[in-house]
2 protein chains.
Amino acid sequence: MTITEVSEKFDLTQDTLRYYERIGLIPHVNRNKSGIRDYTEEDCKWVEFIKCMRNAGLPIEALIEYVALFQQGDETIGSRKELLTEQRKQLIRRMEDMQKTLERLNYKIESYEQSVVKKEKELKRAED
Amino acid sequence: MTITEVSEKFDLTQDTLRYYERIGLIPHVNRNKSGIRDYTEEDCKWVEFIKCMRNAGLPIEALIEYVALFQQGDETIGSRKELLTEQRKQLIRRMEDMQKTLERLNYKIESYEQSVVKKEKELKRAED
DNA sequence: GCTTGACCTGGTGTTAACTCCAGATGATAG
DNA sequence: CTATCATCTGGAGTTAACACCAGGTCAAGC
């Protein structure tokens with residue numbers, strides 16, 4: 001796949017794709033004989049995986065380390081599992097925070113609901 | 001309350017508190033006769049509210065608008081409710097994304113679990 | 001009355017995560 | 001053969017969200 005195709009497929013700019021590769025957020029993509037990137041199926045999976053993880057707020061740092069570990073082979077399976085477990089922990093924490101915020105928003109919106117109703121009633125009375 | 005106390009209470013730097021006030025992320029805080037900020041109970045509630053919302057990833061822009069609407073009085077109750085409802089929608093969307101990512105992490109970690117076990121077995125065989 | 005320390009304002013500095021650009025190159029269409 | 005076009009690389013520019021700083025004020029302790 002060309003970079004244009006990957007860019008469209010995952011809705012990331014070409015610059016972002018090149019940037020991700022440069023900083024090691026995805027493994028190095030092979031080039032064809034004239035130096036142009038040719039994304040394999042696996043490259044695409046990496047892109048998609050990274051996009052998903054970034055979307056959920058996992059820190060770039062941790063993901064770079066994960067990719068680096070991956071490239072060092074099977075010796076690092078333990079470390080990778082640890083890394084992901086730690087990130088999962090933090091993800092859960094963030095989700096809990098968001099859950100609390102959500103409940104708070106729900107409450108606030110409900111209060112506004114009642115204010116609006118009250119306001120409408122006042123207006124109605126004013127009409128009488 | 002002094003800015004130092006508020007800063008410590010909510011774990012935000014004084015610079016951040018002043019910054020938030022400057023850009024309208026919290027309403028203007030009154031100063032005493034010598035120009036020093038004196039946070040009321042309500043000011044504190046705003047700080048805490050904003051911190052909570054920012055923590056959950058609500059965009060600063062939206063919060064600034066919310067504060068501005070609030071300061072315009074009861075006329076804006078409807079708009080405020082709409083604004084919060086929209087932000088809630090987006091918050092829910094983010095949480096759903098994160099939920100998917102979480103499940104993916106769970107799956108990946110589980111796979112690693114098995115890899116580790118397999119690896120240990122190989123080592124054991126090698127010992128024999 | 002002088003020093004100290006918390007606080008002020010306005011403005012500059014920093015960092016992360018892209019984003020844009022210039023100049024070069026190789027393939028392709030006419 | 002030439003012009004166009006997608007792509008390349010290395011490096012500079014941008015934006016958000018603070019963080020830091022200089023120079024000044026004011027109240028309090030000694």
Side-chain angles (χ1 to χ4, degrees), chain A residues 1-40 43-44 46-68 87 90 94 97 101, chain B residues 1-40 43-44 46-68 87 90 94 97 101:
Chain A
M1 271 190 136
T2 71
I3 195 169
T4 301
E5 289 164 346
V6 177
S7 165
E8 282 164 7
K9 182 162 182 185
F10 298 110
D11 194 33
L12 292 170
T13 71
Q14 300 190 9
D15 271 310
T16 300
L17 285 169
R18 284 191 277 259
Y19 168 70
Y20 279 2
E21 187 181 342
R22 201 155 69 192
I23 64 171
L25 196 45
I26 57 173
H28 187 261
V29 175
N30 279 329
R31 321 292 151 115
N32 65 20
K33 59 279 175 209
S34 51
I36 291 179
R37 284 174 183 76
D38 184 14
Y39 289 81
T40 65
D43 290 331
C44 287
W46 270 109
V47 171
E48 193 269 334
F49 172 69
I50 289 298
K51 194 188 173 186
C52 174
M53 294 299 137
R54 285 293 296 142
N55 235 339
L58 271 75
I60 281 197
E61 282 273 308
L63 294 170
I64 288 177
E65 198 188 335
Y66 179 73
V67 173
Q87 291 307 317
Q90 296 189 20
R94 282 198 301 277
D97 280 1
T101 304
Chain B
M1 269 192 139
T2 70
I3 196 169
T4 303
E5 287 163 349
V6 177
S7 165
E8 281 164 8
K9 181 165 184 184
F10 298 111
D11 194 31
L12 292 170
T13 71
Q14 301 192 9
D15 271 311
T16 301
L17 286 168
R18 284 191 277 257
Y19 168 70
Y20 279 1
E21 188 180 344
R22 199 154 72 194
I23 64 171
L25 196 46
I26 57 174
H28 186 259
V29 174
N30 279 328
R31 321 291 151 117
N32 63 21
K33 56 284 176 206
S34 50
I36 292 182
R37 285 175 182 77
D38 184 14
Y39 288 81
T40 66
D43 291 330
C44 286
W46 271 110
V47 171
E48 194 269 333
F49 172 68
I50 290 296
K51 195 189 172 184
C52 173
M53 294 298 140
R54 286 292 298 141
N55 233 340
L58 271 75
I60 280 196
E61 283 274 309
L63 294 169
I64 288 175
E65 198 188 335
Y66 179 75
V67 173
Q87 290 307 318
Q90 295 187 19
R94 282 199 301 277
D97 281 2
T101 304

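Quick note on labels: first sequence line is chain A, next is B, and so on, each numbered from 1. These numbers were taken from a predicted model, which means no experiment stands behind them.
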Go through [options] for me and flag the one nearest to the [X] side chain.
X	options	value
A:R31	D:dC8, D:dG10, D:dC18	D:dC8
A:Y20	C:dC20, C:dC18, D:dC20	C:dC18
B:R37	C:dC18, C:dT9, C:dG10	C:dT9
A:R54	D:dC8, D:dA17, C:dC18	C:dC18

Please give me the minimum heavy-atom distance between B:F10 and B:C44, naming the atom from each residue.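 Closest approach of B:F10 to B:C44, heavy atoms only: CZ-O, 3.6 Å.
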Within the pair B:T16 and D:dA19, is there a side-chain N or O less than 4.0 Å away from OP1 or OP2?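 Result: yes.
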Is the phosphate of D:dT25, meaning OP1 or OP2, less than 4.0 Å from a side-chain N or O of B:S34?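 So the side chain of B:S34 is outside the cut-off, no N or O lying under 4.0 Å from OP1 or OP2 of D:dT25.
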Rounding to a whole Å, what distance do you find between [X]:[atom1] and [N]:[atom2]?
X	N	atom1	atom2	result
A:I23	C:dC18	CD1	C1'	9 Å
A:E61	C:dT15	CD	C1'	12 Å
B:L17	C:dT9	CG	P	13 Å
A:I36	D:dA6	CD1	P	11 Å
B:I3	D:dA19	CD1	P	13 Å
A:D38	C:dA27	CG	P	14 Å
B:D11	D:dC18	CG	P	13 Å
A:L63	C:dA16	CG	C1'	14 Å

What's the verdict on salt bridge (charged side-chain N to carboxylate O under 4.0 Å, His left out) for A:E21 and A:R37, showing C-alpha distance, side-chain angles and the deciding distance? CA-CA 11 Å; A:E21 187 181 342; A:R37 284 174 183 76; 2.8 Å; yes
Has the side chain of B:D15 got a donor or acceptor that lies under 3.5 Å from a partner of the other kind on the base of D:dC20?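 Present.
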Answer with yes or no whether the side chains of B:N32 and B:S34 bring together a donor and an acceptor at under 3.5 Å.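 On atom types as modelled, these side chains qualify, holding a pair under 3.5 Å.
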Given DNA chain C, 5'-ward residue of the pair A:K33 and A:R18, judged by closest heavy atom: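 Comparing both residues, the 5'-ward one is A:R18.
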Residue mapping more 5' on DNA chain C - nearest nucleotide basis, A:I60 or B:G35: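 This one resolves to B:G35.
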Return the CZ to CG distance between B:R54 and B:L12, rounded to the nearest 0.5 Å.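 Reported to 0.5 Å precision, the distance equals 11.0 Å.
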Nearest 0.5 angstrom please: B:I50 CD1 to B:T16 OG1, how far?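 Answer for the CD1-OG1 pair, B:I50 versus B:T16, is 13.5 Å.
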